[in-house]
Amino acid sequence: MTDQPPRTQPRLSATFTNDVNSEIRRAAATGIYDIRGGGAKRRVPHFDDLLFLGASISRYPLEGYRERCDTAVTLGTRFAKKPIRLDIPITIAGMSFGALSGQAKEALGRGATMAGTSTTTGDGGMTEEERGHSKLLVYQYLPSRYGMNPDDLRRADAIEIVVGQGAKPGGGGMLLGQKITERVAGMRDLPVGIDQRSACRHPDWTGPDDLEIKILELREITGWEKPIYVKVGGARPYYDTALSVKAGADVIVLDGMQGGTAATQDVFIENVGLPTLACIRPAVQALQDLGMHRKVQLVVSGGIRSGADVAKALALGADAVSIGTAALVALGDNDPRWEAEYNALGSTAGAYDDWHEGRDPAGITTQDPALASRLDPVEAARRLRNYLAVMTLECQTIARACGKSHVHNLEPEDLCALTIEAAAMAGVPLAGTDWIPGRGGY
Amino acid sequence: MQTIDMATTDLRSLNAMLQGQPQDTNETAWEVLNPRGAHALAVGLDAPIAVTVRGSTGYYCAGMNKQASVTVTGSAGPGVAENMMSGTVVIDGDASQYAGATGHGGLLVVKGNASSRCGISMKGIDIVVHGNVGHMSAFMAQKGNLVVLGDAGDALGDSLYEARLFVRGSVKSLGADCVEKEMRPEHLTLLAELLDRAGADARPEEFRRYGSARQLYHFKVDNASAY
Ligand SMILES: Cc1cc2nc3c(=O)[nH]c(=O)nc-3n(C[C@H](O)[C@H](O)[C@H](O)COP(=O)(O)O)c2cc1C
């Protein structure tokens, strides 16, 4: 027997990972790009890379349960006759009926209302479930204009003109045939069961000058009562914010690249857009340069999960945040109790993102009546309410520790960054230094 | 007849007055003078009143109209009658881009020409253009009827869903998934009725019908070049 020379271990490539290779094989077999729900799964600099400094000799804290720390926020104070007053600085983002079941929309409405905040419609129009159960409902005005009508505009509490979404700035909507049931098709004026392609651009305006006239039209139709929001995906936040202000927006909703979507190409979700952390300071800067900070409110979304994330977004200058994915998880999305069923679909709890296929075991991202009936809207609403309450308490805890009597008093000076990247994006010093990369010439 | 002069009345007061008319109003005839290209004129109306605008309008005249009849004696800017639900809008002159965009119902008549993207994303509205329409008209049109007595520009009916298109003159080119279709008796009847309502002097037999080939209704890799 001859001695074998020693061999190196089989080595997996850092470039051609198993994930990458599985996608190459899938593409080769099907000839179509991968479509999925959710937000970017890659790691990007995020709120986790920031820390609060807390109080010290120069800043004294507020007493935990005795001294007030307010959380109320009013949106739409610039032009609207009826601004929206929220008890907490956390809103529920626009998610379409079609993507979500009627029960899920109802649960979002009930939960948000109990928590004293607003919900938002989505592509596909306004449902009775959400109007009926939401004390404050924001009506989205999208490129597709599915179900758009003046009666729903008038019974909305605010109007959100959607220019883009963080998951897909520059991309249109998508809803595949499995979810275009009779009710969904009827609301969208489409044939049942087709793969719906919805537009990426508004059909009757382009650019900031047209947007100004579009906002005028919507205000004239609704008697200048409703706050008008403009929602943009994280792309060029400084200019998009400045142009929205110029066009007459009351509120700007800025959605970073980690923001969820109901269904989009994976390549789009993972490769287009600016991380949420990198969006906030330029947008706030634009508002400050125009003398509009706190006059035009800024709502930030994309990967908000906890009261710490809320506090950090507010400290960087946002007036409120908005949540999509986290709200779905609170309702019961991706719950391990359905693990066997996720496995049967070739996935696992926590990774399930084939929301476009309409077979969601948790009954949230589906139009299948049997699956949808698994979600009890009243119980799910309670979970959402609890979760919103926890986030608010967490945000207040941090704000008090920083000596703030209102969560809006949090400021960039309360923060430091753990990485150079996060320091540069958030415009706060690297921990233990006074260095903000990109400021002061180095 | 109520007459409002925009030389002395501002847009908000004018719209508020028109929007405030109840269903059973006696004031059914309105005349607007000196519109001078104002945007968002007579938008969001919801009563059976007749409004005549003497002159030309800017963007989104008669936007989201319900029930009312709005006539513009001049020309109309972009997005006239956008998202109309019901009622009638008549433009004596020409209409700019996106006329009747996303309209859900009612009738839009353009006596002159309509520019590009006429009837874009229409969802049930009927549009009759006495003259020509520009490129990308009826782009992603979902429902309703577009009738063109003149010619149509490039890429007519691109990515069309179930809307029906009737053109009397030439079509410069058809968009993706839009094909000529057989004109059956029910189409001739429908067309005759639309032409009559639009006061158009043309015979249904002179038109050709176009519609969706329905090849893009389901994503297929072999159609990738058409998207
Ligand atoms: C299931 C689902 C459906 C969505 N539908 C819409 C929509 O119809 N319109 C829209 O503007 N954004 C839509 N979004 C994006 C959300 O409004 C929001 O921007 C995003 O979820 C925020 O990021 P987060 O999920 O990390 O909280 C959707 C998101 C999800 C998860």
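Per chain, numbering begins at 1; letters A, B, ... match sequence-line order. Any value given below was found using the heavy atoms of this structure, including those in side chains, with hydrogens, waters and symmetry copies removed.
The pair A/Asp354-A/Arg359 does not meet the salt-bridge criterion, since no charged nitrogen lies less than 4.0 angstrom from a carboxylate oxygen. Looking at A/Glu129 and A/Arg183, a side-chain N of the basic residue comes within less than 4.0 Å of a carboxylate O on the acidic one, giving a salt bridge. In this structure, B/Glu186 does not pair ionically with B/Arg164, as no charged nitrogen and carboxylate oxygen lie closer than 4.0 Å.
Both the backbone and the side chain of B/Lys123 have a heavy atom closer than 4.5 Å to some heavy atom of chain A. Only the backbone of A/Arg188 comes within contact range of chain B, judged by heavy atoms closer than 4.5 Å. For B/Leu41, no part lies near chain A; criterion is any non-hydrogen pair under 4.5 Å. Heavy-atom distances place the side chain of B/Asp46, and not its backbone, under 4.5 Å from chain A. Neither the backbone nor the side chain of B/Gln97 comes within less than 4.5 Å of any heavy atom in chain A. At a 4.5 Å heavy-atom cutoff, the contact between A/Pro203 and chain B is made by backbone and side-chain atoms alike. When heavy atoms are compared at a cutoff of 4.5 Å, B/Ala101 approaches chain A solely by way of its side chain, counted from C-beta outward. Contacts of B/Met64 with chain A are made by both backbone and side-chain atoms, with heavy-atom separations under 4.5 Å. At a 4.5 Å heavy-atom cutoff, A/Thr222 makes no contact with chain B through either its backbone or its side chain. Heavy atoms closer than 4.5 Å to chain A are found in the side chain of B/Arg117, but not in its backbone.
Per-residue counts of heavy-atom pairs under 4.5 Å with chain B were compared for A/Lys214, A/Arg219, A/Arg154; the largest is that of A/Lys214.
Side chains of B/Gln142 and A/Asp189: a donor-acceptor N/O pair is absent below 3.5 angstrom, by distance only.
Counting heavy atoms from C-beta on, the side chains of B/Pro35 and B/Val72 never come closer than 4.5 Å. Looking at heavy atoms from C-beta onward, A/Met126 lies out of side-chain contact with A/Met187 at the 4.5 angstrom threshold. Residues B/Tyr60 and A/Trp205 form a side-chain contact, since some pair of their non-hydrogen atoms from C-beta on lies under 4.5 Å apart.
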